[in-house]
S.K.: 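This structure is in structure tokens; I'll ask about it shortly.
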Amino acid sequence: KYMTNSSNLIDSLEIYTLSNPVDVKSHWVSHFIVPTANELLIKIKNKDGNSGFGLATSYTDIAPLIKPFSNGLSDLIIGEDPFCPEKIYQKIFKLTDTRISNEKGWSKEAIIRISAALDIACWDLIGKSSNIPLYKLFGGYRNKVPVYVTCGYYRDGKSNTELREELNKLIKIGHQSFKVKVGGLTIKEDEKRLEIIRDEIGEEKDLMIDVNRAWDLKTAIEGVKEFKKFKPTWIEEPLRWEDDRRTLRLLSKQTDIPISGGESELTTYGCRSIIEEDAIQILQFDCTMFGGFTNGKKLSALCEINHIDIAPHHDCYIHAPLVASTPSGRIVESFDDERDPLQAELFENPHKMENGWIHLNEKPGLGLQISEAALKKFGKLVYKNK
């Protein structure tokens, strides 16, 4: 039974960076290389022995996420009550607009990422201490969710034969839905790649097309017209960043292909703005990049009442409990072992992935136990308070 006392308060804090020590082939999207592993792991524990962990994903240098723990941020976390995640989230997130962050050199992006990971850790601890899986604690709509695999990345010298072999390997594993990359080549060149992809996976499996914000509006209008014959389940982030909220709405008037987006936003307010523009049909926020579960739940509810699906970006095992908890939950994203070795190795007991579904286990909290072998392989301890 929970009672407010000192034994509930965060007493232990450990911070790790997670990176891939293995040199792997590059994975290009339309205009940048995605890292195979670049995350911050936060572990918290209270005096009662209850613990939780959270992850923050970064596509940029991880060093700014480490710095705050070297000069005072931990003092603002130790002693807080993890059973009050809303309070802790607001306390840390609002550091983005304070003098102390400027004085200490804490970047806005770093604080946003850290606040998300800490929030996930608090919810994991809440679930574990109450012996309830988070998918039930958040609503318990169902205990399994569909999953797709992201593949078809660009790489210099990647042959069509190699592309076919990649797809065949994923089909044999049991994947039923595939998201592939376009935008790094011309419409006609990408069209040839999509012909190969659709031919390999067949007509019955779902195909999603991810542009990673590469097109201007005129190109996007051409792209959705030319790619419609491939029967895409959705077109993801088709438009350049500078005016995407407006241009997404304009594009949506030109096509009946569902449009998705949201992973590149920095806040939940940005996601709200996309929804208010009537610009998308699928929202792809990432709780490990902004908002944590506290705000992921709010966005899920907002999507539900606005008839929009959620399909969070990245970290399928982290996002699965949230997607399973709500009627707005549609699907989660996965990767092969080379693209994301953390998905493959970080957890001793990952939720079971089979034939296009993730079946959530009944363990409390996130339901996941970090592998000590994986932590030794990928992790570097950068802060520990005691």
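FYI, the numbering just counts along the sequence from 1. Everything quoted here is computed from the prediction, not taken from an experiment.
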S.K.: State whether the number of non-hydrogen atoms from other residues, nucleotides or ligands found under 6.0 Å of Tyr59 atom OH is greater than 12.
M.R.: yes

S.K.: Among the clusters formed by ILVMFWY side chains lying less than 4.5 Å apart, do Ile209 and Tyr148 turn up in the same one?
M.R.: no

S.K.: With sequence neighbours excluded, tell me which residues meet side chain to side chain contact (heavy atoms under 4.5 Å, CB included) with Ser325.
M.R.: Phe138, Leu322

S.K.: Go through the structure and list residues passing side chain to side chain contact (heavy atoms under 4.5 Å, CB included) with Lys376, not counting sequence neighbours.
M.R.: none

S.K.: Under the side chain to side chain contact (heavy atoms under 4.5 Å, CB included) test, which residues partner Glu203, sequence neighbours left out?
M.R.: Arg198, Lys231

S.K.: Does Phe335 have any ring-ring contact (aromatic ring centres under 6.0 Å, His included) partners at least two apart in sequence or in another chain, and if so, which?
M.R.: His314

S.K.: Side-chain heavy atoms under 4.5 angstrom apart, residues restricted to Ile, Leu, Val, Met, Phe, Trp, Tyr: same cluster for Tyr153 and Val180?
M.R.: no

S.K.: Same cluster or not: are Met208 and Leu283 linked, directly or through other Ile, Leu, Val, Met, Phe, Trp or Tyr residues, by side-chain heavy atoms under 4.5 angstrom apart?
M.R.: no

S.K.: Report the hydrophobic cluster partners of Trp357, with the cluster defined as I, L, V, M, F, W, Y residues connected by side-chain heavy atoms closer than 4.5 angstrom, directly or transitively.
M.R.: none

S.K.: Using the test side chain to side chain contact (heavy atoms under 4.5 Å, CB included), find all partners of Thr186 that sit at least two apart in sequence or belong to another chain.
M.R.: Lys188, Glu189

S.K.: List the residues meeting salt bridge (Lys or Arg N to Asp or Glu O under 4.0 Å) with Lys104, not counting sequence neighbours, and say none if there are none.
M.R.: none

S.K.: Pick out which of Asp216, Ile259, Val211, Leu217 makes a side chain to side chain contact (heavy atoms under 4.5 Å, CB included) with Leu239.
M.R.: Leu217

S.K.: Does anything in residues 355-372 form a salt bridge (Lys or Arg N to Asp or Glu O under 4.0 Å)? List the pairs, not counting sequence neighbours.
M.R.: Lys136-Glu362

S.K.: Out of curiosity, Ser7 OG to Asp48 CG, how far, rounded to the nearest 0.5 Å?
M.R.: 3.5 Å

S.K.: Glu39: which residues meet the salt bridge (Lys or Arg N to Asp or Glu O under 4.0 Å) condition with it, sequence neighbours left out?
M.R.: none

S.K.: Under the ring-ring contact (aromatic ring centres under 6.0 Å, His included) test, which residues partner Tyr89, sequence neighbours left out?
M.R.: Phe93

S.K.: How would you list all residue pairs meeting side-chain hydrogen bond (donor to acceptor under 3.5 Å, both in side chains) that involve residues 24-38, not counting sequence neighbours?
M.R.: Asn20-Thr36

S.K.: Scan residues 290-312 for pairs that pass side-chain hydrogen bond (donor to acceptor under 3.5 Å, both in side chains), counting only residues two or more places apart or in two chains.
M.R.: Glu86-Lys298, Asp119-Thr294, Trp123-Thr294, Asp309-Arg330

S.K.: After noting the C-alpha distance and the side-chain angles of Glu265 and Phe290, does the key distance pass the side chain to side chain contact (heavy atoms under 4.5 Å, CB included) rule?
M.R.: CA-CA 8 Å; Glu265 295 298 327; Phe290 60 92; 4.2 Å; yes

S.K.: Could you go step by step and tell me if Gln281 and Trp234 meet the side chain to side chain contact (heavy atoms under 4.5 Å, CB included) rule?
M.R.: CA-CA 9 Å; Gln281 291 73 52; Trp234 72 63; over 6 Å; no

S.K.: How far does CZ of Phe178 sit from CD1 of Ile197, to the nearest 0.5 angstrom?
M.R.: 10.5 Å

